Q: 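Here it is: the structure, laid out below.
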Amino acid sequence: MTNQTQNFIYFIDLTEPIVCLNLINTNQLSSPSLTHYITYKTEYPLYNINPDDLLTDINLTRFGFVSPRFQYVILSNWSTNGLKIGIGTINTKYYSNSDIIRIHRIAKLEVEFEKVRRKVDSNLPSRLTCIYVAEDNVDSRNMLKNMFFNKKHFHIASVNLKYVKSHKADSKWISDYEKTNSISSIEKYWKGIDFDNNPQYEYLIEGIVSLNKIEDREYIKNEFNAE
């Protein structure tokens, strides 16, 4: 694995048990793809599935380890197949119609990005199986918050990286695709091309993130699942 040379931050959903308990108990978190490989010694199932089936197939294979972005795709699939979706298994807070529309939009975007990734370079980490980190600055913190708009109880922490695969991409290509629907925007994202002279980078990591500061670990321990 390769070590970082920059300062990075990671968005932590404080209501997500797998994420929080791993950080509390081990101070680190593995990407779903790496965790799956370590556990089952096989490739993550997503790589062998037709991306279009992710949105509609009611018999979609169950995934034991799921990234936050993949959750949007699963929620969209459930909603398309007639299930009512929300947050929490007890006292569930159901999504509004506007939230569901946005979830569908994000899911469709992620599937398009997955299709193009496979065409540009299938060895790049998938947006659906990776850990997202960003450089430690104000713009990047806002970018992470916008990525996970439906997460209201969260913490952004400084992290170290160890990775098997990574991809540095200008997230502005995502906004450009949303405006233009141009596949060229997705291709440039996967080719690592800057959108302009003021890029807003996100880093897709298949590997491990670990907390830099003990106070972040203590904060997660105190705030986990508290609302």
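These values consider heavy atoms only, across backbone and side chains, with no hydrogens, waters or symmetry-generated copies. If you're wondering where the values come from, they're calculated on a predicted model, not measured in any experiment.
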Q: So, taking the atom named OG in Ser122 and the one named CZ in Arg117, what distance separates them when rounded to the nearest 0.5 Å?
A: 6.5 Å
Q: Side chains of Ser76 and His104: do they bring a donor and an acceptor to under 3.5 Å?
A: yes
Q: Go through Asp170 and Lys188 one step at a time and tell me if the salt bridge (Lys or Arg N to Asp or Glu O under 4.0 Å) criterion holds.
A: CA-CA 9 Å; Asp170 190 343; Lys188 290 173 181 176; over 6 Å; no
Q: Determine whether a donor-acceptor pair (N or O, by modelled atom type, separation under 3.5 Å) exists between the side chain of Ser30 and the backbone of Thr35.
A: no
Q: Ignoring hydrogens and geometry, is there a side-chain-to-backbone donor-acceptor pair from Trp173 to Ile193 under 3.5 Å?
A: yes
Q: Is it the case that Ser166 and Glu206 place a side-chain donor and acceptor less than 3.5 Å from each other?
A: no
Q: Tell me, do His167 and Tyr203 make a side-chain contact under 4.5 Å, heavy atoms counted?
A: no
Q: Between Lys108 and Glu112, does any NZ, NE, NH1 or NH2 come within less than 4.0 Å of an OD or OE carboxylate oxygen?
A: no
Q: Any ion pair linking Glu16 and Lys151 (charged N to carboxylate O, less than 4.0 Å)?
A: no
Q: Apply salt bridge (Lys or Arg N to Asp or Glu O under 4.0 Å) to Lys172 and Asp194, showing your working.
A: CA-CA 8 Å; Lys172 288 184 177 180; Asp194 289 350; over 6 Å; no
Q: Decide yes or no for Glu178 and Leu109: does some side-chain heavy atom of the first lie under 4.5 Å from some side-chain heavy atom of the second?
A: yes
Q: Are any side-chain N or O atoms of Asn22 and backbone N or O atoms of Leu29, one a donor and one an acceptor, separated by less than 3.5 Å?
A: no
Q: Using a 4.5 Å cut-off on heavy atoms from C-beta on, say whether the side chain of Ile12 contacts that of Leu211.
A: yes
Q: How long is the span from the OG atom in Ser79 to the CG atom in Leu55, to the nearest 0.5 Å?
A: 11.5 Å
Q: With a 4.5 Å cut-off on side-chain heavy atoms, are Tyr163 and Ile208 touching?
A: no
Q: Kindly indicate, with the supporting measurements, whether the criterion side-chain hydrogen bond (donor to acceptor under 3.5 Å, both in side chains) is fulfilled by Asn81 and Asn77.
A: CA-CA 6 Å; Asn81 283 295; Asn77 180 301; 3.0 Å; yes
Q: Out of the candidates Leu128, Ile103, Ile106, Val66, only one should pair with Gln71 under the side chain to side chain contact (heavy atoms under 4.5 Å, CB included) rule; please name it.
A: Val66
Q: Does the side chain of Gln200 come under 3.5 Å of the side chain of Ser140 through a donor N or O and an acceptor N or O?
A: no
Q: Is it true that Arg141 and Asp136 have a side-chain N and a carboxylate O under 4.0 angstrom from each other?
A: yes
Q: For Val209 and Gln28: C-alpha separation, side-chain torsions, deciding distance, then whether side-chain contact (heavy atoms from CB on, under 4.5 Å) applies.
A: CA-CA 6 Å; Val209 299; Gln28 66 181 30; over 6 Å; no
Q: Could you go step by step and tell me if Leu161 and Phe8 meet the side-chain contact (heavy atoms from CB on, under 4.5 Å) rule?
A: CA-CA 8 Å; Leu161 310 180; Phe8 292 98; 3.5 Å; yes
Q: Over 60° means perpendicular and under 30° means parallel, so classify the ring planes of Phe148 and Phe11, tilted if in between.
A: tilted
Q: Do Tyr189 and Glu202 meet the criterion of a side-chain donor-acceptor pair at a distance under 3.5 Å?
A: yes
Q: Should the ring pair Tyr47 and Tyr44 be called parallel, tilted or perpendicular, given that the plane angle runs from 0 to 90° and is split at 30 and 60?
A: perpendicular
Q: At what distance, to the nearest 0.5 angstrom, does CD of Glu187 lie from CZ of Phe113?
A: 11.0 Å
Q: Lys165 side chain to Asn123 main-chain N or O, any donor-acceptor pair under 3.5 Å?
A: yes
Q: Drop me the distance from Leu34's CG to Cys130's SG, to the nearest 0.5 angstrom.
A: 12.5 Å
Q: Within the 4.5 Å heavy-atom criterion, are Val159 and Ser210 side-chain neighbours or not?
A: no
Q: Report yes or no: is the cationic atom of Lys168 (NZ for Lys, CZ for Arg) under 6.0 Å from the centre of the six-membered ring of Tyr201, at an angle within 45° of the ring normal?
A: yes
Q: Ile205 and Tyr132: side-chain contact (heavy atoms from CB on, under 4.5 Å), yes or no, with the steps?
A: CA-CA 6 Å; Ile205 304 298; Tyr132 289 84; over 6 Å; no
Q: So that I can tick it off, tell me whether Lys221 and Glu218 are bridged by a salt bridge, with the cut-off set at under 4.0 angstrom between side-chain N and carboxylate O.
A: no
Q: Evaluate the side-chain contact (heavy atoms from CB on, under 4.5 Å) criterion for residues Ser67 and Thr129: first the C-alpha distance (whole Å), next the side-chain angles of each, then the deciding distance (0.1 Å), finally the verdict.
A: CA-CA 6 Å; Ser67 73; Thr129 66; 6.0 Å; no
Q: Mind checking whether Leu75 and Ile100 have side chains closer than 4.5 Å, heavy atoms only?
A: no
Q: Any side-chain heavy-atom pair from Phe224 and Leu14 closer than 4.5 angstrom?
A: no
Q: Measure from the side-chain N and O atoms of Glu110 to the backbone N and O of Arg127, and report whether any donor-acceptor pair falls under 3.5 Å.
A: no
Q: Can His155 and Asp216 be counted as having a side-chain donor-acceptor contact under 3.5 angstrom?
A: yes
Q: Output yes when a side-chain donor or acceptor of Ser182 lies under 3.5 Å from a complementary backbone atom of Tyr177, and no otherwise.
A: no
